[in-house]
Amino acid sequence: MIQLVRGFKDILPEEATVWQYIEQIARDHFGSFGFNEIRPPVLEQAALFRRSIGEHTDIVEKEMYTFPGSKGNLLTLRPEATASVVRAYIQHKLYASDPVQKLYTIGPMFRKERPQKGRYRQFHQINAEVFGIESPYMDAHLIFMLLSFFGKLAVDPLRVHLNSLGCPECRKPYKEAITAALSERAELLCTDCVRRLDKNPLRLLDCKVPGCREEVAHTPGMVDFLCDGCQAHFETVKSGLAAMGVVFQVDPRLVRGLDYYTRTAFEIQTDELGAQSAIAGGGRYDGLVEQLGGPSMPAIGFAVGTDRLAELILSRQDPGLRRPEIFFAAMGEAAWRKSFEWACALSARGIRVEIDFSERSLKALMRRADRLRAQYVLIVGDRELSENTATLRHMASSRQIAVPADGLVKAVMVELRSESQQ
RNA sequence: GUGGGUGUAGCUCAGAGGUAGAGCGCCAGGUUGUGGCCCUGGUGGUCGUGGGUUCAAGUCCCAUCACUCACCCCA
């Protein structure tokens, strides 16, 4: 048989209920923080990502699904959402009506990496992006929104890692300092890091190779190079978080693999997902809007990994399918036709109904109703038909009542409503 | 891209040269109109795929594919 593509996965019904739950909470929660949804497409010009994420990042160098379009241009399945949201912000001049835009988007991303636990080639993110606010209190506010979102989903405890990457002005001397400190010791570094030394020295900081760690430990931290503005910004972010009772740790090795970040960078981690510990991450990207052809505009955002979040929730509780409120058990052709009418009418009124389309014994029907964990069973057979009634059985209590066939739909709805209030 | 582990029933797994198994699930009966518990029966597999060794291969050998975990990196 034809199987699904490597690194991709089906989200089966039981798991999908968890996804619906996560996304619903996200919409409600972000909404109460003043965010509105935006839905950019999953396909973009390859150049968008090369220019935003950075030419020498792992994502752009080896992980993008890129293929030729019909006009000689290159198209890419988006590896992340921020670039698309920024593009939309600029293209539709959203800043013209109001430079401050708080947007969220939910959807799939694509990266051609080797799959493993918590890492898929199509994965899903919930992104939030804020444009037009430079205040460090926004950084703290956004991180608080993210953590309270996890709180609503009851997935804590989580670790909050925080760092400042500075701005282009203070990062330049810092990069030079790293390069200067390490290039004379390059023979002690791994081959990847030797390459990074030239292309992207910041990435040396979070290399996991022991030898590189040893060398990096002796280099100065970004914190020592922050300019006055960046320093003040970072301090306010930290004090703002502390004021809201957020526990975090400053992590000088937190760099993140996208070039556009400036100043605040953060990552939310868990110990419960094997090697893939990051469940959300983000940061400030004050230069990106201008870099992509828009006005000079501060911005900050984050991404939550929905796949990892769903796994975390599923590890704590078993999912279940939605229970039918009423299951129809009809015996015989005449009873079935009547049940069919009632079942359709109830479904159309928003009641969760299940009706069996095979001819089976009442025992078999009851067994099925039980397995589906139906709240009620409506039994209709010759006996009921002759008395012009139907038998409504409450499964948990085994209590049964006769319901007149005339006005049955309304009577059943009244009964369900009174039950749900108890 | 590199390394380790695993592929046998829908699911979890046993079988280690000699007739393909268990538990759970599913279907039915025990109750000619009543679920769960219990009992009985039934359904269900090219043993991942291809080749080799052998009288005989889930079982040994080779190849290959898939899945999975880890490295790298990230959500």
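Everything numeric in this text was worked out from a predicted model, so none of it was measured. Every chain is numbered from 1 and lettered A, B, ... according to where its sequence line falls, protein lines coming before strand lines.
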message: Applying a 4.0 Å non-hydrogen cut-off, can you work out what Ala364(A) is touching in the nucleic acid: base, sugar-phosphate, or nothing?
response: sugar-phosphate

task: Consider the side chain of Arg6(A), meaning its heavy atoms from C-beta on, and name the nucleotide among rA66(B), rC71(B), rA28(B) that approaches it most closely.
output: rA66(B)

task: Assign Gln122(A) to base, sugar-phosphate, or nothing according to its heavy-atom contacts below 4.0 angstrom with the strands shown.
output: nothing

task: Indicate, with yes or no, if the rings of Phe35(A) and His29(A) have centres closer together than 6.0 Å.
output: no

task: Return the nucleotide paired to rG21(B): Watson-Crick means purine N1 to pyrimidine N3 with N6-O4 or O6-N4, wobble means G-U with N1-O2 and O6-N3, both under 3.5 Å.
output: rC13(B)

- line: The Watson-Crick or G-U wobble partner of rU32(B), with both key distances under 3.5 Å, is none

- prompt: What's the verdict on salt bridge (Lys or Arg N to Asp or Glu O under 4.0 Å) for Glu134(A) and Arg284(A), showing C-alpha distance, side-chain angles and the deciding distance?
  reply: CA-CA 9 Å; Glu134(A) 192 175 11; Arg284(A) 187 161 272 286; over 6 Å; no

query: With sugar-phosphate meaning primed atoms plus P, OP1 and OP2, does Arg383(A) contact a base, only sugar-phosphate, or nothing at under 4.0 Å between heavy atoms?
result: base

message: Check for me whether the distance between the ring centres of Trp336(A) and Phe357(A) falls short of 6.0 Å.
response: yes

query: With sugar-phosphate meaning primed atoms plus P, OP1 and OP2, does Phe327(A) contact a base, only sugar-phosphate, or nothing at under 4.0 Å between heavy atoms?
result: nothing

- request: Assign Gly274(A) to base, sugar-phosphate, or nothing according to its heavy-atom contacts below 4.0 angstrom with the strands shown.
  value: sugar-phosphate

task: Give the nucleotide from the list rU34(B), rC71(B), rA70(B) with an atom nearest to the side chain of Ile379(A).
output: rU34(B)

message: By the 4.0 Å heavy-atom rule, please label Ala280(A) as base, sugar-phosphate, or nothing.
response: sugar-phosphate

- request: Counting heavy atoms from C-beta on, name the nucleotide in rG35(B), rG29(B), rU34(B) closest to the side chain of Met395(A).
  value: rG35(B)

query: Given that both distances must come in under 3.5 Å, which nucleotide forms a Watson-Crick or G-U wobble pair with rA70(B)?
result: rU2(B)

- prompt: Can we say Glu341(A) and Lys338(A) salt-bridge, meaning some charged N sits less than 4.0 Å from an Asp/Glu carboxylate O?
  reply: yes

- prompt: Considering only side-chain heavy atoms of Glu384(A), which listed nucleotide, rC26(B), rG33(B), rG35(B), is closest?
  reply: rG33(B)

message: Looking at Arg114(A), I'd like to know whether one of its side-chain N or O atoms comes within less than 4.0 Å of OP1 or OP2 on rC69(B).
response: no

Sugar-phosphate only, base, or nothing, as touched by Lys117(A) at under 4.0 Å among non-hydrogen atoms: sugar-phosphate

query: With a non-hydrogen cut-off below 4.0 angstrom, is Asp382(A) in contact with a base, only sugar-phosphate, or nothing?
result: base

task: Under 4.0 Å between any heavy atoms, over every strand shown, what does Glu80(A) touch: base, sugar-phosphate, or nothing? Just pick one.
output: nothing

- request: Mind checking Arg360(A) for me? I need base, sugar-phosphate or nothing, with any heavy atom below 4.0 Å counting as a touch.
  value: sugar-phosphate

rG5(B): syn or anti, per glycosidic angle within 90° of 0: anti

Presence of salt bridge, Arg39(A) and Glu37(A), under 4.0 angstrom: yes

